[in-house]
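Note that these values count all heavy atoms, side chains included, but never hydrogens, waters or copies made by symmetry.
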Amino acid sequence: MITVEPSLFSNIIITVQRTSSLTGGSVTGLPNGIVIEGLKGANSFSSDVAEAQKEFQLGRVRSALDRIRQIETLFNGIVGRWNGQVGQVISSARQGRQQLSIQKLNEVKNAQTKMQQLTGPASKSFQDLASALEHAVSMEGRSPEDESADLKTEDTKPEDTAKKSTASESQTPHTKTTELHAQSVETPDVNLLGSYMTNYRFGQKLVIKKGSDNVARLDPRLETDKFYFASGFDPPRVFRVRELKRGSVVLYDPLQGGEVLLEGAVLKAQIRQGIWSLSPRKR
């Protein structure tokens with residue numbers, strides 16, 4: 001059973017505070033007076049996380065979850081801007097737009113790696129607490145017997161799902177498919193993943209395929225509770241699928257701090273512009 005432990009709140013405070021400075025100090029002497037240092041503004045989150053913990057202790061679980069999501073969104077925004085600035089320095093140096101010695105370029109790359117090592121644990125701390133709070137919200141008003149019954153039901157789901165999947169595959173003809181709306185889009189810059197960059201990498205690009213039976217299907221299929229990156233959003237961002245409906249999908253948008261419903265036409269437009277699944281990085 002997922003429980004909301006006090007350590008989940010303190011882990012966020014500790015890991016976020018560590019991002020305020022870079023190991024070995026800031027990188028100076030860069031073109032245009034740019035200084036690469038720790039994340040600015042992240043230290044102020046400590047009091048906000050403490051307030052969210054008070055909300056939870058007072059029984060206002062949903063309010064605590066909303067507050068944590070807002071803080072996570074702000075943190076991801078700071079990380080995204082930091083990654084964008086550092087990525088621009090590296091890109092400009094490689095393309096010769098800015099004169100930068102090999103030593104300085106290596107310093108910038110090292111700073112980028114160090115920040116990834118700092119933001120990774122912070123991102124995971126947010127995800128762990130959000131998952132625990134989401135579970136607590138879903139269990140509000142339910143008895144332990146109800147939860148026990150759910151666990152028993154979940155135990156049977158993988159086997160049932162496997163049987164249904166096997167039966168479905170045996171009835172589906174192996175036909176040659178044609179990709180629809182699959183514009184040639186290169187894999188996006190990994191820096192656009194922001195704080196997700198440490199724990200995730202780009203996986204498959206979603207495409208719509210039409211088989212000889214004239215039925216269009218999404219490949220690979222969207223999966224609930226899985227992270228994706230959409231280049232068609234403004235700005236491009238990571239989202240998590242919350243619910244799959246007939247002809248639409250409900251997703252959680254970290255930048256907006258809430259759920260968003262994508263109808264079929266909008267979803268197809270996003271797919272044309274590029275949606276990639278995210279795969280966990282191997283440790």
Side-chain angles (χ1 to χ4, degrees), residues 62 65-81 83-84 87 123 126-127 130-131 133-134 137-138 161 164-165 168 172 175-197 199-280:
R62 191 175 296 275
L65 174 59
D66 289 341
R67 187 181 287 267
I68 289 298
R69 283 173 173 167
Q70 291 170 2
I71 301 170
E72 181 184 18
T73 298
L74 292 173
F75 179 72
N76 287 339
I78 294 175
V79 174
R81 289 190 291 274
N83 285 327
S123 178
F126 275 113
Q127 293 170 24
S131 296
L133 288 171
E134 287 174 352
V137 168
S138 68
T161 302
K164 290 179 181 179
S165 177
S168 175
T172 303
T175 56
K176 184 178 180 180
T177 58
T178 304
E179 292 187 7
L180 301 177
H181 313 307
Q183 294 181 355
S184 177
V185 180
E186 295 182 359
T187 302
D189 185 348
V190 70
N191 290 317
L192 292 174
L193 293 179
S195 61
Y196 294 92
M197 178 170 52
N199 297 320
Y200 293 92
R201 59 180 176 80
F202 286 108
Q204 288 182 276
K205 181 176 181 291
L206 274 61
V207 295
I208 299 175
K209 292 184 176 181
K210 190 173 184 180
S212 59
D213 55 359
N214 209 34
V215 176
R217 298 180 179 87
L218 188 59
D219 182 46
R221 294 182 178 180
L222 288 169
E223 300 178 32
T224 56
D225 294 325
K226 186 168 183 177
F227 288 97
Y228 295 85
F229 176 85
S231 61
F233 286 152
D234 185 19
R237 69 196 68 170
V238 174
F239 67 87
R240 180 168 57 181
V241 173
R242 280 289 176 79
E243 184 181 355
L244 297 174
K245 297 185 176 182
R246 188 175 182 83
S248 63
V249 59
V250 178
L251 58 88
Y252 175 72
D253 183 351
L255 286 184
Q256 295 189 25
E259 293 184 345
V260 177
L261 174 65
L262 290 188
E263 298 289 355
V266 178
L267 178 59
K268 287 181 180 178
Q270 288 290 343
I271 292 170
R272 293 190 191 103
Q273 296 182 71
I275 293 181
W276 285 261
S277 64
L278 296 187
S279 302

**Q** Indicate yes or no: at least one non-hydrogen side-chain atom of V207 is less than 4.5 angstrom from one of I271.
**A** no
**Q** Quick one: does I68's side chain get under 4.5 Å of L133's, heavy atoms only?
**A** yes
**Q** Parallel under 30°, tilted from 30 to 60°, perpendicular over 60°: which one fits the rings of F229 and F202?
**A** perpendicular
**Q** Is there a ring-ring contact (aromatic ring centres under 6.0 Å, His included) between F126 and F75? Walk through the geometry before answering.
**A** CA-CA 10 Å; F126 275 113; F75 179 72; 5.6 Å; yes
**Q** Between V260 and V250, is there a side-chain heavy-atom distance shorter than 4.5 Å?
**A** no
**Q** Any side-chain heavy-atom pair from S279 and Y200 closer than 4.5 angstrom?
**A** no
**Q** Return the minimal non-hydrogen interatomic distance between K226 and L278, and the atom names on each side.
**A** CE-O, 3.8 Å
**Q** Can you measure from OG1 (T187) to CG (L192) and round to the nearest 0.5 angstrom?
**A** 11.5 Å
**Q** For a 4.5 angstrom cut-off between non-hydrogen side-chain atoms, does L206 reach L222?
**A** yes
**Q** Are the side chains of F227 and V241 in touch, meaning some heavy atoms are under 4.5 Å apart?
**A** no
**Q** Looking only at non-hydrogen atoms, find the nearest pair between K205 and P220 and report the distance.
**A** O-CD, 3.9 Å
**Q** A cation-pi test, strictly: NZ or CZ of R69 under 6.0 Å from the centre of the six-membered ring of Y252 and no more than 45 degrees from its axis. Yes or no?
**A** yes
**Q** Distance from S231 atom OG to D189 atom CG, nearest 0.5 Å?
**A** 12.5 Å
**Q** Can you see whether S123 engages Q127 through a side-chain donor-acceptor pair at a distance of less than 3.5 angstrom?
**A** yes
**Q** I need the T224 OG1 to R242 CZ distance, nearest 0.5 Å.
**A** 11.0 Å
**Q** Find the distance between CG (N83) and CD1 (I78) and round it off to the nearest 0.5 Å.
**A** 12.0 Å
**Q** Using 0.5 Å steps for rounding, measure from the CG atom of L262 to the CG atom of L251.
**A** 4.5 Å
**Q** Do Y228 and E223 have side chains that approach each other closer than 4.5 Å (heavy atoms only, starting at C-beta)?
**A** yes
**Q** Which pair of heavy atoms, one from W276 and one from G203, lies closest together, and at what distance?
**A** CD1-O, 3.8 Å
**Q** For R201 and P280, work out which heavy atoms get closest and say how close.
**A** NE-O, 4.2 Å
**Q** Are the side chains of Q270 and F233 in contact, using a 4.5 Å heavy-atom criterion?
**A** yes
**Q** Tell me whether E134 is salt-bridged to R62, with the criterion being a basic N under 4.0 Å from an acidic carboxylate O.
**A** no
**Q** Hey, is D253 close enough to R237 for a salt bridge, meaning N to O under 4.0 Å?
**A** yes
**Q** Once you round to the nearest 0.5 Å, how far does CG of L267 lie from CG of L218?
**A** 7.0 Å
